[in-house]
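Encoded as structure tokens, the structure appears first; notes follow it.
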Amino acid sequence: MSISTRVLFVALVSCLLTLPGMASAQDATHRALISIYHAAPGKQLDLLKWFAARESVDREAGVAPTQVYAHVDGDSWDYLAISPDLDEATSARIDALVRKHGMTAGPKASLEIRTMILSHTDTYVVGPYSASELVDRYSKP
């Protein structure tokens, strides 16, 4: 495993263990969304402002904030974001608040963010778990 891959793995595990609103290791059943962004050249600050505007809406909606990690060394990504996986009702409430504040939502928001990124990936995960809990979970028949 390369150093950058190990750093990313440690960051993901650390984020999941500390994500506000997530379950403890004993009752880890919550899903989260991990997104990795490659910002378009010269668009890093615009992208962060876009994230920050939506973060304020999440706070208003009572949703756990997305944790954003900034790349400093290693792999080629710029930002790694860990967000709670929202149900449809919560997503709809957030979209309504986003529109109320004059921001784009839905497909228009997808087009807007793509003006600030070269690429991104989204991955759904469950946890947090300790490594030994996962060994126990996957060792059962």
Side-chain angles (χ1 to χ4, degrees), residues 1-140:
M1 185 182 305
S2 71
I3 290 175
S4 62
T5 304
R6 278 183 283 187
V7 170
L8 181 59
F9 176 75
V10 169
L12 292 175
V13 170
S14 298
C15 294
L16 290 174
L17 291 174
T18 60
L19 185 62
M22 297 300 282
S24 69
Q26 289 75 30
D27 64 349
T29 58
H30 293 285
R31 288 172 45 110
L33 173 64
I34 297 174
S35 302
I36 300 173
Y37 296 93
H38 293 86
K43 296 293 185 172
Q44 289 84 351
L45 185 57
D46 293 337
L47 181 59
L48 290 173
K49 288 178 180 179
W50 197 88
F51 289 156
R54 278 145 180 80
E55 181 180 279
S56 68
V57 171
D58 288 347
R59 247 189 325 275
E60 185 178 341
V63 172
T66 295
Q67 294 182 333
V68 179
Y69 286 75
H71 171 267
V72 294
D73 190 18
D75 207 348
S76 63
W77 55 272
D78 293 297
Y79 305 106
L80 179 141
I82 301 180
S83 312
D85 182 24
L86 305 176
D87 59 40
E88 287 185 33
T90 304
S91 292
R93 190 171 76 243
I94 288 172
D95 280 353
L97 285 170
V98 164
R99 287 182 178 97
K100 175 183 165 192
H101 290 288
M103 294 181 271
T104 58
K108 285 185 179 181
S110 294
L111 292 175
E112 184 177 63
I113 194 172
R114 281 170 175 73
T115 68
M116 296 173 267
I117 61 174
L118 293 175
S119 67
H120 83 286
T121 62
D122 291 328
T123 303
Y124 287 93
V125 297
V126 294
Y129 292 101
S130 69
S132 58
E133 287 172 318
L134 285 173
V135 167
D136 290 344
R137 179 179 175 155
Y138 295 120
S139 295
K140 293 178 183 176

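The shown structure was predicted, so the numbers you read here are calculated from the model rather than taken from an experiment. Along the sequence shown, the residues carry numbers beginning at 1. Computed over heavy atoms, backbone and side chain alike; hydrogens, waters and symmetry mates excluded.
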message = I'd like to know if the side chain of Arg114 reaches the main chain of Ser110, judged simply by a donor and an acceptor atom lying under 3.5 Å from each other, with no hydrogens or angles considered.
response = yes
ask   = Is a side-chain donor or acceptor of Arg31 paired with a backbone partner of Tyr124 at a separation under 3.5 angstrom?
value = no
ask   = Ring centres of Tyr37 and Phe51 under 6.0 Å apart?
value = yes
query = For the atom pair CG (Leu86) and CG (Asp95), what is the distance rounded to the nearest 0.5 Å?
reply = 10.0 Å
Nearest heavy-atom neighbours spanning Gly106 and Arg99 = N-NH2, 4.3 Å
ask   = Could you give the distance from CD1 (Ile117) to OG1 (Thr115), rounded to the nearest 0.5 Å?
value = 8.5 Å
task = Using a strict 4.0 Å threshold on nitrogen-to-oxygen distance, state whether Glu55 and Arg59 make a salt bridge.
result = yes
query = Between Pro41 and Leu118, which heavy-atom pair has the shortest distance, and what is it?
reply = CD-CD2, 4.0 Å
inquiry  = Measuring from atom CE of Met103 to atom NZ of Lys108, what distance do you get when rounded to the nearest 0.5 angstrom?
reply    = 15.0 Å
query = Which distance, rounded to the nearest 0.5 Å, do you find between the CZ of Arg54 and the OG of Ser56?
reply = 9.0 Å
request  = Find the distance between OG1 (Thr123) and CD1 (Ile36) and round it off to the nearest 0.5 Å.
outcome  = 6.5 Å
ask   = Roughly how far, to the nearest 0.5 Å, is OG of Ser119 from CG of Asp78?
value = 9.0 Å
query = Can you name the nearest heavy-atom pair linking Thr66 to Ser83, along with the distance?
reply = OG1-OG, 2.9 Å
ask   = Taking it one step at a time, do Tyr79 and Gln44 satisfy side chain to side chain contact (heavy atoms under 4.5 Å, CB included)?
value = CA-CA 9 Å; Tyr79 305 106; Gln44 289 84 351; 3.4 Å; yes
request  = Go through the steps for Ile34 and Thr121 under the test side chain to side chain contact (heavy atoms under 4.5 Å, CB included), then give the verdict.
outcome  = CA-CA 8 Å; Ile34 297 174; Thr121 62; over 6 Å; no
request  = Check Met116 against Lys43 and note the closest heavy-atom contact, atom names and distance.
outcome  = O-CB, 3.6 Å
query = Between the side chain of Asp75 and the main-chain N/O of Trp77, is any donor-acceptor distance below 3.5 Å?
reply = no
request  = Taking the side chain as every heavy atom from C-beta outward, state whether His38 and Ser76 have any atom pair closer than 4.5 Å.
outcome  = yes
remark   = Shortest non-hydrogen pair, Leu97 vs Ala61, comes out as CD1-CB, 3.7 Å
